[in-house]
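Okay, so here's the structure we're looking at.
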Amino acid sequence: MQKFTVLTGLAAPLDRANVDTDQLIPKQFLKRVEREGFGQYLFYNWRFKPDGSPDLGFVLNQPRYQGATILLAGENFGSGSSREHAPWALLDYGFRVVVAPSFADIFRNNASKIGLLLVEMDGQLMREWLQRAQANEGYRITVDLARQEMLGSDGFACVFKIDPFHKRRLLEGLDDIGLTLERQAEIKAYEESHQEPWQAVAHGLTPRE
Amino acid sequence: MSTLLDKIWRSHLVRSQAGQPDLLYADRHLVHEVTSPQAFAGLRAAGRQVRRTDLTYAVVDHIVPTDNRAEPLADAVADAQLKALRANCAEFGVALLDTTDPRQGVIHVCMPELGLILPGQTVFCGDSHTATHGAFGALAFGVGTSEVEHLLATQTLPQDRPRTMAVRVGGALGPGVSAKDLILAIIGRLGVAGGTGHVIEYLGKAVTALSMEGRMTMCNMSVECGAKAGMVAPDETTISWLRGRPYAPQGGDFERAAAWWRTLPSDPGSRYDREVSLDATAIGPQVTWGTNPGQVAEITGAAPDPAGLAGEQERASALRALDYMALKPGVPFRDVAVDCVFIGSCTNGRLEDLRAAAAVVGARKVSPGVRALVVPGSGQVKAQAEAEGLDRVFKEAGFEWRLPGCSMCLAMNPDVLEAGERCASTSNRNFEDRQGRGGRTHLVSPASAAAAAVTGRLSDPRQLI
């Protein structure tokens, strides 16, 4: 997993609640079998009109937000499906951080596996950040994970909370599967002590007699 | 005192250490074509194997056409995804219900009907509607592709323990009012993020009175209020539904398993982090008017006036939703004409759902100009419905009778709404563009969808039965 330590970048405000995964990455792009290249489809139906031309009214298409790496958003960000393609698309587009008052559970888990930092921000402070990013062209924010701090280019600052274990995983770029495979012996012990006859279907799905 | 969740969590702990997520063992890992290819690629790149092929089951459902399955599929990208699943399952030794298998269907319909999902189990799948399987008193939730890879490699999942919520539903649902209406009313009450971070346990008379199909419908949509999972404690309804299913335990094993299942319900007086109560008697057929499942009202009502809603975010969200849905505040739902009706999905594609819809249709005809689809949830549902003659009821009325798959629920296959088309749908999400770009989705029960098909408008099915 990609590490996250400190990032200074342009902030883009997407002031909407309940941004769902169908908007983040529409289903027609989920048929691809690769992990990369989803950034071009991020917010596809908001970025592009039905004829394929860019919708210049959409915030991410405005010249002032080109190259943004920090997305500021509304509550319940990432609601809906389990598609990890949604955080893949954000990361591939160039975002490394999403700041919002709340996130949907599966989206949060998915982001945590790929090094996309989600910062949960109290609603009042969130409004401040959104307003500052809208009011000041070229508004940049430094996100320092070790210090759990956000510092705006106008001097506005706040601290944020994050689960300590998750923080360490991000700072060190730890791979979950690698960590769990160190626990092989415990997994084996669990399996050996849980052998109820109804648990295993030893013959796969071949039709039973 | 322990809740159902406590009991399942404890019995699946491989490892628990303060300051880290718990490591849970997975009894069942369900796999489909959309969220698995990158996970298998990850395994291959790392030289890893699938740890428990005997606990991992795959099916193709999201992208399959429901009219013509001739290969190669017309959509070349979908065709490649189908073949990738086949190749991955063959390479790693995972059992696959392929397009030609009579048991194939929507993953959350066909896996339970085979008896693969049992009370007290942990069930994971790269699909948010995995919550369905909580109906059996299992802990079941959706995961992303990285977690799919983790499950394939280790048969475990690191998870922080969720909070608990009890949703108690007293009273009884009236005629023409179904589990779909109940869960929509619950989502309306909790809000689209009201369940975030929680596992919901559904309790009360109106819940235990539901069939297994009804419980699956209810648990399925738990994720639509943000909940991690929904659950119903196993009881005699659960046990008799499972008895004799092909992959459920058999004979003496079944009786021993059932004795254990009966110990799983939450102990009386158990405490939950949050408790909510509703009266089923007061709930009528529901319809969503907006672009998330929490934007829902009684079908006898009208589109709301955003000005009357509490909270700035709610008002902004409702304004945007009504604009997208092309609904004027105050317009009665019965005056809203539909272009399309979709009956199917992991929420409402089971036999009971098709029976409820067919009962409303009766000898009536689909309203002129309405495109109406029935997509059975699985090959078995389709066969049973045909044995009962339900297919004839639908076909004679003018519905299209299709092959099983996810179909227009998320429109990853060729079943798609055109821009501006309005659909009464028994699926689970009314997000913008979900059923097709610019498509407008109203979530309803199977009976209400059938009522909309024959009247050409959003309609109260109680007036037709």
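Scope of the values below: all heavy atoms of this structure, side chains included, with no hydrogens, waters or symmetry mates. Lettering of chains follows the sequences in order, A, B, ..., and the numbering in each one begins at 1.
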Against chain B, label [X] side chain, backbone, both or neither, depending on which of its atoms sit under 4.5 Å from a heavy atom there.
X	value
A:Arg35	both
A:Asp175	side chain
A:Pro50	both
A:Ile114	side chain
A:His194	side chain
A:Gln23	side chain
A:Phe107	neither
A:Asn45	both

Could you tell me the separation between the [atom1] atom of [X] and the [atom2] atom of [Y], rounded to the nearest 0.5 Å?
X	Y	atom1	atom2	result
A:Phe165	B:Gln17	CZ	CD	8.5 Å
B:Leu73	A:Lys31	CG	NZ	10.0 Å
A:Ile177	B:Ser146	CD1	OG	7.5 Å
A:Ile106	B:Phe141	CD1	CZ	8.5 Å
A:His85	B:Gln38	NE2	CD	4.5 Å

Can you tell which part of [X] gets under 4.5 Å to a heavy atom of chain A, answering side chain, backbone, both or neither?
X	value
B:Thr156	side chain
B:Ala153	both
B:Ala411	both
B:Gln313	side chain
B:Asp75	side chain
B:Ser317	side chain
B:Leu82	neither
B:Gln435	backbone

Quiz item: Taking atom CD of A:Gln124 as the centre, does the number of heavy atoms from other residues, nucleotides or ligands within less than 6.0 Å exceed 12?
Solution: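 Open: at most 12 neighbouring heavy atoms sit under 6.0 Å from CD of A:Gln124.
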
Quiz item: Are more than 12 heavy atoms from other residues, nucleotides or ligands located less than 6.0 Å from atom CD of A:Gln66?
Solution: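 Enclosed.
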
Exercise. List for me each residue that meets side-chain contact (heavy atoms from CB on, under 4.5 Å) alongside B:Leu319, sequence neighbours excluded, and say none if there are none.
Key: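 side-chain contact (heavy atoms from CB on, under 4.5 Å) check on B:Leu319 returns B:Pro306.
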
Self-check item: side-chain contact (heavy atoms from CB on, under 4.5 Å) partners for A:Val33, two or more places apart
Solution: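 A:Val33 satisfies side-chain contact (heavy atoms from CB on, under 4.5 Å) with B:Pro37, B:Gln81, B:Ala84 only.
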
Between the main-chain N or O of [Y] and the side-chain N or O of [X], is there a donor-acceptor pair closer than 3.5 Å?
X	Y	result
A:Lys27	B:Asp433	yes
B:Arg429	A:Gly80	yes
B:Arg434	A:Asp22	no
A:Asp105	B:Gly197	yes

Option in [options] with maximal non-hydrogen atom pairs under 4.5 Å from chain A:
options	value
B:Asn292, B:Val143, B:Asp160	B:Val143
B:Gly438, B:Ala46, B:Ala193	B:Ala193
B:Gln20, B:Arg437, B:Met412	B:Arg437
B:Ala316, B:Ala227, B:Ser11, B:Gly294	B:Ser11
B:Thr291, B:Asp27, B:Asn428, B:Thr35	B:Asp27
B:Gln155, B:Glu314, B:Lys228, B:Glu33	B:Lys228

Which atoms form the tightest heavy-atom contact between [X] and [Y], and what is the distance?
X	Y	result
A:Asn110	B:Gly144	OD1-CA, 3.0 Å
A:Ser81	B:Ser128	CA-OG, 3.6 Å
B:Arg48	A:Leu181	NE-CD1, 3.3 Å
B:Glu147	A:Lys113	CG-CE, 3.7 Å

Practice problem: Would you mind telling me which of A:Glu75, A:Arg169, A:Arg32 has the largest number of heavy-atom pairs within less than 4.5 Å of chain B? | Solution: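 Most pairs with chain B among the choices: A:Arg32.
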
Exercise. Under 4.5 Å, counting heavy-atom pairs only, tell me which of A:Ala17, A:Ser79, A:Gly74, A:Ser82 racks up the most with chain B.
Key: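 Max contact count across the listed options: A:Ser82.
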
Is any side-chain heavy atom of [X] closer than 4.5 Å to a side-chain heavy atom of [Y]?
X	Y	result
A:Ser102	B:Thr196	no
B:Gln159	A:Asn109	yes
A:Glu191	B:Arg52	yes

Self-check item: B:Arg51 versus A:Gln184, side-chain donor and acceptor atoms under 3.5 Å
Solution: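 Yes, side-chain donor-acceptor contact under 3.5 Å.
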
Exercise. Report the C-alpha separation of B:Thr154 and A:Ile187 in whole Å, then their side-chain angles, then the decisive distance to 0.1 Å, and conclude whether the side-chain contact (heavy atoms from CB on, under 4.5 Å) test is met.
Key: CA-CA 8 Å; B:Thr154 71; A:Ile187 298 173; 4.3 Å; yes

Self-check item: side-chain contact (heavy atoms from CB on, under 4.5 Å) between B:His12 and A:Tyr190, intermediate numbers included
Solution: CA-CA 8 Å; B:His12 288 81; A:Tyr190 179 93; 3.6 Å; yes

